[in-house]
Every structure is written in C-alpha cells, then in structure tokens.
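Below, chain A is the first sequence line, B the second, and so on; all start at residue 1.
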Amino acid sequence: MEKTIKRVLKQVIKPHIAIDSNIEHLIENSIEIPPTFEFGERSTNIAFKLASFLKKSPMKIAEELSGEINSIVDEKSLIVKTTSVKGYINFFINFTPFFNSLYSQIKKEGVNYGENQRGNGKKIIVEHTSINPVKPLHIGNLRNAVLGDCIARLYKRNGWEVEIQNLIDDFGRQVATLIWGILNGHHLGVIREINEKYDVWLGKVYSHCNNILAEQDSWNEVDKIMIDMRHDPHMYRFMRNICQACVDSNLETAWRYGITYDYLVWESDISRSGVWEETLRLLEKNSSFRWEKEGPNAGCFIANLGELAEFQDKKNPDKVFIRSNGIPTYVAHDVALQLWKFGIVKANLTSRSVVKQKNEAEETRDLWTSTDFHVSGEAEKSFGKPDRVCNVIGMEQNYEQEIVRYTLKLLSLKKEFVNSFHMSYKHVSAPHARFSGRSGNWLEERAWADAVFEDTYAAAFKAISKKRLDLEDDPIKRNLIVNSITAAAIRYWLIKFSTETEIKFRIEDATSLEGDTGPFLMYSSVRATKILAKLSKIKTFSKHGKYEITQQEKTLILQLYRCPEIVKNAADSFQPLMVAKYAYDLASSFNRFYETSRVINAKTAKLKQFRLALVQIFSIAMQNLLHILGIPIVDEM
RNA sequence: GGAUCCGUGGCUCAGCAUGGAUAGAGCGUCUGCCUUCGGAGCAGAAUGUCGUGGGUUCAAAUCCCUCCGGAUCCGCCA
C-alpha cells in the first residue's frame with residue numbers, strides 16, 4: 001500500500017519539481033497513519049515539506065496534488081480517491097482487492113507471516129539471565145531473561161541464526177561468600193522448608209552469610225576461598241556441585257516461563273581454558289594498554305581509554321584492567337569474554353548436551369553446557385563465531401559495557417565494535433529500594449520469580465474457578481490452562497514497559513488478568529479459535545462475490561497488514577515492547593470486530609465467508625505474535 | 001564536579017529516534033450491554049498548564065538551552 005502511494009505521489013509531483021535525492025527522501029518518509037479513519041487509510045504531509053520549494057501554501061499544494069491523483073485513479077485501482085484537508089493529502093483505498101491480497105499472503109505464509117529474511121542466516125549471540133549461582137531469580141532477573149528471550153525470538157524471525165548463552169559466574173565473590181558460609185556451618189541455621197526450591201533456600205543462606213560476614217568482618221577468609229576454588233580440586237568440585245544444583249533449580253524457573261537456552265557458559269571453564277591469558281597477550285601487544293610504573297596506579301595494567309574522544313569528559317578516563325595484586329578486574333574479564341564470544345581469542349571449551357528443553361510452544365531445544373570433564377564418545381558441538389553479540393545487562397552497567405565496546409575499538413576490531421550491542425534496561429524496584437540478592441529483600445516482598453508465579457497462579461485459579469465450573473472435573477486440564485495464563489500475564493507485564501522505565505514491583509499489577517495484559521491477548525485468540533472450530537466445514541474464501549465491509553472490519557484488516565513492519569522495527573530498535581503494544585492493538589481491534597460482526601449468523605453466505613476468512617488470518621497473525629512474546633497458545637481458557 | 005536516563009489525567013504507563021490533524025491505553029470512578037460466535041469482552045462519561053521557563057519552526061509532548069524533582073554511573077567492588 002505504501003509503495004503504491006509513493007509511486008503515485010512521485011508521478012504527480014514530478015511535473016512540479018525535479019525529484020532529486022532530497023525530495024525522494026521527503027516522499028519516502030512522509031506517509032503516515034491518520035488519527036481517525038475519516039481521514040482515510042493513509043495520509044501524507046508532503047505538501048508542508050514541499051511548500052518552501054514550490055513557494056506556495058501547503059493547502060494549495062495538497063489540493064492540487066490531490067486533484068491530480070484523483071484524475072489518474074478510479075474505483076478499480078488500489079487507491080480509490082484522495083482528499084485534501086488542511087494541507088494533508090488523505091488516501092482512501094479499495095478494501096476488496098486489498099483484503100484479497102492480504103488474505104492470500106497470510107494464508108500462504110502461515111506461521112511465517114510477519115517474518116523476513118534480512119538476517120540472511122547471519123548469527124547472533126544473545127546473552128541473558130546470567131545470575132550468580134547462589135540464589136533464585138528475582139523479578140528483576142526475570143525481566144532480564146524475558147527481554148533477552150524475546151529479542152532472541154525476534155531476531156530469529158528476522159532471519160538470523162540465534163545462539164542464547166547464559167553465563168554462570170561460579171568463580172565470583174558471591175559464590176566464595178556462600179561457600180565460606182557453608183564450610184562454617186552457617187547454612188545449618190537456615191531451615192529449608194518442605195518442598196522449598198533449592199535455589200530459594202540457597203538464596204536465604206547466601207543472604208544470611210552476608211549478614212554474618214558483615215558482623216565478623218571476615219572477608220579475608222572469603223578471599224582465601226576464592227583462591228582455593230581455583231587451585232584446590234576438592235574445593236573446586238565441592239563448589240561446582242553446589243552451583244550446579246543451583247543452576248538446575250534456576251532452569252526450572254526459566255522453563256516455567258518458556259525461557260530456554262542453548263549454552264550455559266561456566267566462568268571457571270572459561271578461566272581455566274586460558275582465555276584471560278590470551279586476552280592479556282593481545283592487549284600487551286597494543287600501545288593503548290600499558291603497565292603503569294608510577295603514580296596512584298603503579299603496578300596496574302591500564303587501558304588508555306583517555307585517548308578516545310568519548311572518554312575525555314571522564315574524571316578518570318583510564319581504566320584499571322589488572323590490579324597491583326595481579327588479579328584482573330571485572331570489566332577486564334568482560335572484555336575477555338566479549339573477545340571470546342567473537343572468536344578473537346579461543347577458549348577450546350569442552351561441551352556436552354545435558355537436557356532437552358521445551359518452551360511454551362513445546363518446541364524442543366537442546367541445552368548444552370561447558371564442562372570440566374569430558375566423557376569419551378559424547379557428541380561435541382562448537383559454539384560462538386557470531387556476526388553480532390547482544391548482551392542483556394541492566395542500565396547501571398552502561399559505563400562498563402561502553403568500556404568493553406571501546407576496548408574493541410582500541411584493538412582496531414572495527415567489525416566487532418559495531419556489532420556489539422548492549423541491551424540495557426532499568427531495574428524492577430521494590431517499593432522503597434532495589435532488589436538485591438545480598439540483602440535478601442526479594443524475600444520479604446515475595447519478589448522471586450517462583451513466588452510471583454505462585455501468586456499469579458492463585459489469581460488465575462480464582463478467576464477460572466468462577467468462570468469455568470465445567471473444569472472442576474478435569475483438574476489436569478485446568479492446571480495446564482492456569483499455568484499458561486500465569487506465564488502469559490507475567491511475561492507480558494515485564495515486556496510492556498519501555499526498557500527505559502523502571503518497573504515498580506506491585507504484585508497486583510503483575511497478577512492482573514484484565515485490560516492491557518497477556519491474558520487479554522490470549523482471550524482474543526481463543527475467541528477466534530472457537531469460531532474457526534465451529535465453522536471448520538465451510539469452504540475457503542474466494543474473492544468473487546459482493547459483501548459490505550464495516551469500519552471495525554477495515555480497522556482489523558489494516559492492523560493485520562502492519563505485522564511484518566512491526567517485527568522488523570522491534571528487532572532493529574531492541575524494543576520487544578513494540579510487539580506487545582501492537583499485539584494489544586490487534587487483539588483490541590479483533591474484539592471490536594467480534595462485538596459488531598457476527599460470523600456464524602452472518603446475513604449472507606458470502607459475508608459469512610468473508611468474515612470467516614478475516615478470523616482465519618487474524619488467528620494466524622495473533623498466534624505468530626504470541627509466539628514472539630513467548631505467550632502460550634491455548635484453545636480455551 | 002562530570003555523564004546518562006526519567007518527569008505525560010487520581011494511579012501505572014505508551015507516544016519522543018524520523019516535529020504534523022482532536023496527546024493515546026490500562027487500572028480506579030460513573031452509565032449502559034448476557035433469549036446474542038465464551039462478558040478475561042464491548043459501548044459511553046468524567047479526569048491533561050505533556051515538571052518549569054525560554055529558543056528554533058508555518059507547526060513542539062517530540063529538537064536545542066535554563067532551572068526544579070527523581071534514578072543510575074564516573075572503584076585496584078562484582
């Protein structure tokens with residue numbers, strides 16, 4: 001439709017002014033969706049833009065162009081007529097051929113409707129979740145995971161090969177803190193409740209350990225454990241087993257929400273494979289990095305970021321990569337990791353496939369993990385070597401992520417520099433503070449991912465018990481449906497905000513099932529499914545025959561048409577929110593259609609056929625969108 | 001001190017990249033709609049100095065600057 005409008009516009013503008021690249025650009029970006037349907041299906045403000053070139057008033061230009069367009073179109077072309085209102089040119093289209101072609105397209109593309117192949121098979125690594133393996137996911141971690149999961153799905157539908165990594169930092173201070181606590185028997189002071197998830201209990205222990213450490217001021221003992229974890233095989237095995245149990249428990253949570261991974265990357269495996277040493281050799285060869293001989297940073301290895309314009313305004317533009325005690329800093333580690341992801345340094349990790357995961361659509365995905373021992377005869381698979389890397393990390397780490405990115409620039413890794421993306425988002429906040437694993441405040445607010453699931457489940461269960469008395473005899477089916485509604489509600493709630501908005505955690509918002517929510521989208525899809533099931537015997541829509549199209553139907557058709565554009569823009573701007581908003585608008589349009597257009601009792605056979613066809617393509621598009629959002633598709637609810 | 005982000009009805013948020021017609025939703029409040037494809041829905045009402053003050057422009061919630069309020073960052077923490 002836009003293509004046709006631009007072509008016609010150029011045709012009528014040409015006699016008035018030469019179309020150079022400047023004018024061409026104006027035309028390309030001038031098509032918009034009018035505020036109300038009375039102004040047509042599309043409009044353009046091109047007359048305003050041309051006013052200064054033609055030295056005429058916008059209204060006059062719009063009037064002339066509109067008249068000229070009307071003289072070359074008729075009721076058989078896609079554009080039926082145009083009007084000029086206050087300087088705008090409004091386009092009215094012929095819905096019958098428009099619908100016919102949209103219908104054929106969506107029917108033909110089916111589950112692929114909305115997709116494109118722009119990625120052309122290129123590969124992206126999306127790293128998300130990546131929590132320390134000492135605690136459960138809290139709602140903020142879940143926001144990270146859901147956003148990352150959604151971006152991965154979006155990239156896939158833009159023709160990219162996607163590899164989802166989850167980094168397990170088992171060599172960090174948080175793990176050492178926990179191990180210190182367990183070795184000193186402090187976990188015995190935290191009673192594990194019946195059926196309590198392991199990671200939840202561990203998170204309590206971890207928080208407890210922090211309190212004791214703060215009282216005793218025994219951090220030097222934790223430092224010693226950090227060293228022992230690296231050098232004492234028994235200590236390492238002890239630590240890794242605990243982390244493994246925690247990760248297994250974390251995965252259970254992720255799967256409840258339809259989140260799956262391709263590769264769990266263990267920090268200890270990375271460390272032992274020599275990635276850091278290789279990175280250091282690479283940096284040492286470059287003049288932008290140096291060992292400091294004097295001054296406050298004497299004995300440290302420094303990244304000379306001050307030579308970049310972007311860091312000139314910093315109080316201290318240079319960044320310490322290796323402390324004077326020889327231990328690399330966190331950001332240096334992240335640099336090594338990024339270099340490894342791009343395959344600039346080689347880690348030679350041993351990997352094994354551990355479990356077959358299923359997401360909400362029952363799609364199978366093998367989960368692989370890096371490992372410290374190889375079982376002979378096991379299948380191997382190589383990871384990495386992407387064209388692009390996207391790290392989903394909170395906004396408070398914007399500066400660190402910039403350092404990582406610009407370090408690539410200092411190393412003259414131009415391609416890797418422009419293909420490093422930090423998907424940044426703000427925190428989910430508790431009423432008066434931020435959630436933190438250390439303070440354990442997620443506990444008192446019931447803000448860990450499993451508790452939020454339970455509370456939402458309870459709300460959904462209450463609702464379905466009222467609405468679906470018939471399901472009392474089928475608790476298994478009811479449980480499946482309630483699980484789906486729960487995941488839908490929470491996932492949608494985490495996606496619907498802009499990544500730049502801090503979400504205030506309030507359980508009544510997360511568990512809401514009405515209005516701008518995930519269940520609302522599911523419900524519209526269920527309505528369509530029900531109609532389709534009842535009319536499964538009607539022969540397929542043919543474009544011949546006459547029928548009237550109502551305004552609600554037109555709106556729905558126009559909404560359906562936008563799907564591919566949204567999928568493209570959402571991926572390009574790293575805004576899953578755009579898909580959520582669009583899916584909500586589409587569901588809303590369908591509900592209005594549903595209220596005003598009876599399908600089963602339509603007045604004529606032809607009308608019935610047309611409406612059924614509209615329901616069919618709505619159902620296809622909505623299911624594709626739900627899949628991108630990771631919302632389960634159900635037949636009833 | 002410097003940097004980034006945020007400020008939109010009572011509440012929670014979209015819209016800002018690429019300026020454009022009457023600033024959109026949801027929740028809450030109020031009024032209607034179940035002999036009607038499933039009411040987790042629909043129709044309607046009320047509620048707005050788009051933080052403040054300037055500037056640019058034919059046109060500013062959107063771009064630029066000031067100030068006010070909030071968050072985060074600028075570690076040999078992770």
Trainee: Restricting to non-hydrogen atoms, name the atom on A/G87 and the atom on A/M59 that form the minimum distance, rounded to 0.1 Å.
Mentor: N-CG, 3.7 Å

Trainee: Heavy-atom nearest nucleotide on RNA chain B for A/G295 versus A/A460: which residue maps closer to 5'?
Mentor: A/A460

Trainee: Check every strand shown and say whether A/S424 touches a base, only sugar-phosphate, or nothing at a heavy-atom separation below 4.0 Å.
Mentor: nothing

Trainee: Test for a donor-acceptor pair under 3.5 Å between the base of B/A71 and the side chain of A/S429, counting only N and O atoms.
Mentor: no

Trainee: Do any N or O atoms from the side chain of A/R42 and from the backbone of A/P34 form a donor-acceptor pair under 3.5 angstrom?
Mentor: no

Trainee: What contact category does A/R611 fall into here, base, sugar-phosphate, or nothing, at under 4.0 angstrom with non-hydrogen atoms?
Mentor: nothing

Trainee: Can you check the A/R468 CZ to B/A40 C1' distance for me, whole Å?
Mentor: 12 Å

Trainee: What's the gap between B/G70 and B/C64 when it is taken at their C1' atoms, as a whole Å value?
Mentor: 23 Å

Trainee: Record whether the side chain of A/N90 comes under 3.5 Å of the base of B/A21 through a donor-acceptor pair of N or O atoms.
Mentor: yes

Trainee: Answer yes or no: does a side-chain N or O of A/K581 lie under 4.0 Å from OP1 or OP2 of B/G26?
Mentor: no

Trainee: Using only side-chain N and O atoms of A/R592, determine if any of them is under 4.0 Å from OP1 or OP2 of B/A43.
Mentor: yes

Trainee: How is A/E636 classified with respect to the nucleic acid when contacts are heavy atoms under 4.0 Å: base, sugar-phosphate, or nothing?
Mentor: base

Trainee: Tell me whether the rings of A/F435 and A/H138 are parallel (<30°), tilted (30 to 60°) or perpendicular (>60°).
Mentor: tilted

Trainee: May I have the distance from A/K530 (atom NZ) to B/A40 (atom P), rounded to whole angstrom?
Mentor: 13 Å

Trainee: Using the C1' atom as the point on both nucleotides, what is the distance between B/U8 and B/C33, in whole Å?
Mentor: 32 Å

Trainee: Given B/A14, B/G41, B/G70, identify the nucleotide with an atom nearest to the side chain of A/F520.
Mentor: B/G41

Trainee: Does a side-chain heavy-atom distance below 4.5 Å link A/L586 with A/L625?
Mentor: yes

Trainee: Counting only N and O atoms by type, is there a donor-acceptor contact under 3.5 Å from the side chain of A/H422 to the main-chain atoms of A/I393?
Mentor: yes

Trainee: For B/A21, take OP1 and OP2 only and decide whether either is under 4.0 Å from a side-chain N or O of A/S43.
Mentor: no

Trainee: Looking at B/A40, B/C5, B/G38, which one has an atom nearest to any side-chain atom of A/K467?
Mentor: B/A40

Trainee: Measure from the side chain of A/E400, starting at C-beta and using heavy atoms only, and say which of B/G39, B/C74, B/C58 lies closest.
Mentor: B/C74

Trainee: Of the nucleotides B/C37, B/C42, B/C5, which has the atom closest to the A/E595 side chain?
Mentor: B/C42

Trainee: Give the ring-plane orientation class for A/W493 versus A/F497, where under 30° counts as parallel, over 60° as perpendicular and anything between as tilted.
Mentor: perpendicular

Trainee: How does RNA chain B look in dot-bracket notation if pairs are Watson-Crick or G-U with both distances under 3.5 Å, crossing ones as [ ], other-strand ones as |?
Mentor: (((((((..((((......[...)))).(((((.......))))).....(.(((..]....))).))))))))....

Trainee: Which part of the nucleic acid does A/I503 contact within heavy-atom distance under 4.0 Å: base, sugar-phosphate only, or nothing?
Mentor: nothing

Trainee: What is the separation between atom CG on A/L626 and atom P on B/A40, rounded to the nearest whole Å?
Mentor: 18 Å

Trainee: Determine the Euclidean distance between corresponding P atoms of B/C42 and B/C27; express it in Å to zero decimal places.
Mentor: 9 Å

Trainee: Using atom C1' of each nucleotide, how far apart are B/A60 and B/C50 to the nearest Å?
Mentor: 11 Å

Trainee: What contact category does A/F497 fall into here, base, sugar-phosphate, or nothing, at under 4.0 angstrom with non-hydrogen atoms?
Mentor: sugar-phosphate

Trainee: Check every atom of B/G38, B/A14, B/A21 against the side chain of A/K86 and return the nucleotide holding the closest atom.
Mentor: B/A21

Trainee: For a quick check of understanding: with a heavy-atom distance under 4.0 Å over all strands, which category does A/P58 fall into, base, sugar-phosphate or nothing?
Mentor: nothing

Trainee: Students often get this wrong, so: under 4.0 angstrom with heavy atoms, is A/A580 touching a base, only sugar-phosphate, or nothing?
Mentor: nothing

Trainee: Checking contacts here: which listed nucleotide (B/C37, B/C42, B/A25) is nearest the side-chain heavy atoms of A/Y584?
Mentor: B/A25

Trainee: Please work out whether the ring planes of A/F541 and A/Y547 are parallel, tilted or perpendicular, with thresholds of 30° and 60°.
Mentor: perpendicular

Trainee: Using the P atom as the point on both nucleotides, what is the distance between B/A61 and B/G7, in whole Å?
Mentor: 15 Å

Trainee: OP1 or OP2 of B/G38 less than 4.0 angstrom from a side-chain nitrogen or oxygen of A/K534, does that happen here?
Mentor: yes

Trainee: Hey, are A/E63 and A/S84 close enough side-chain-wise for a donor-acceptor pair under 3.5 Å?
Mentor: no

Trainee: Measure from the side-chain heavy atoms of A/M395 and tell me the nearest of B/C5, B/A43, B/U22.
Mentor: B/C5

Trainee: So which nucleotide from B/C13, B/G38, B/G20 ends up closest to the side chain of A/K49?
Mentor: B/G20

Trainee: Consider side-chain contact (heavy atoms from CB on, under 4.5 Å). Of A/L50, A/I13, A/T44, which one does A/I27 pass it with?
Mentor: A/I13

Trainee: Hydrogens and angles aside, do A/E267 and A/H333 bring a side-chain donor and acceptor to less than 3.5 Å of each other?
Mentor: yes

Trainee: Quote, to the nearest angstrom, the P distance that separates B/G26 from B/G41.
Mentor: 10 Å

Trainee: Could you please name the option among B/U72, B/G38, B/G20 that lies closest to any side-chain atom of A/R527?
Mentor: B/G38

Trainee: Can you work out whether A/Y399 or A/F39 has the more 5'-proximal nearest nucleotide on RNA chain B?
Mentor: A/F39

Trainee: If we ignore angles and hydrogens, is there a donor and acceptor under 3.5 Å between the side chains of A/D170 and A/S268?
Mentor: yes

Trainee: NA contact type, A/M637, heavy-atom cut-off 4.0 Å: base, sugar-phosphate, or nothing?
Mentor: base

Trainee: Can you check the A/N591 CG to B/C42 P distance for me, whole Å?
Mentor: 5 Å

Trainee: Looking at A/S324 and B/C76, is any side-chain donor or acceptor paired with a base atom of the opposite kind under 3.5 Å?
Mentor: yes

Trainee: When you compare the side chains of A/Y523 and A/N591, does any donor N or O come within less than 3.5 Å of an acceptor on the partner?
Mentor: no

Trainee: Please pick, from B/C77, B/G38, B/C42, the nucleotide with the shortest atom-to-atom distance to any side-chain atom of A/R323.
Mentor: B/C77

Trainee: Between B/U62 and B/C5, how far is it from one P atom to the other, in whole Å?
Mentor: 15 Å

Trainee: Near RNA chain B, which residues from residues 596-605 of chain A have a heavy atom under 4.0 Å away?
Mentor: A/S597, A/R598, A/V599, A/I600

Trainee: What interatomic distance, in whole Å, is found between P of B/G54 and the corresponding atom of B/A14?
Mentor: 28 Å

Trainee: Is a donor from one side chain sitting under 3.5 angstrom from an acceptor on the other, for A/Q397 and A/Y330?
Mentor: yes

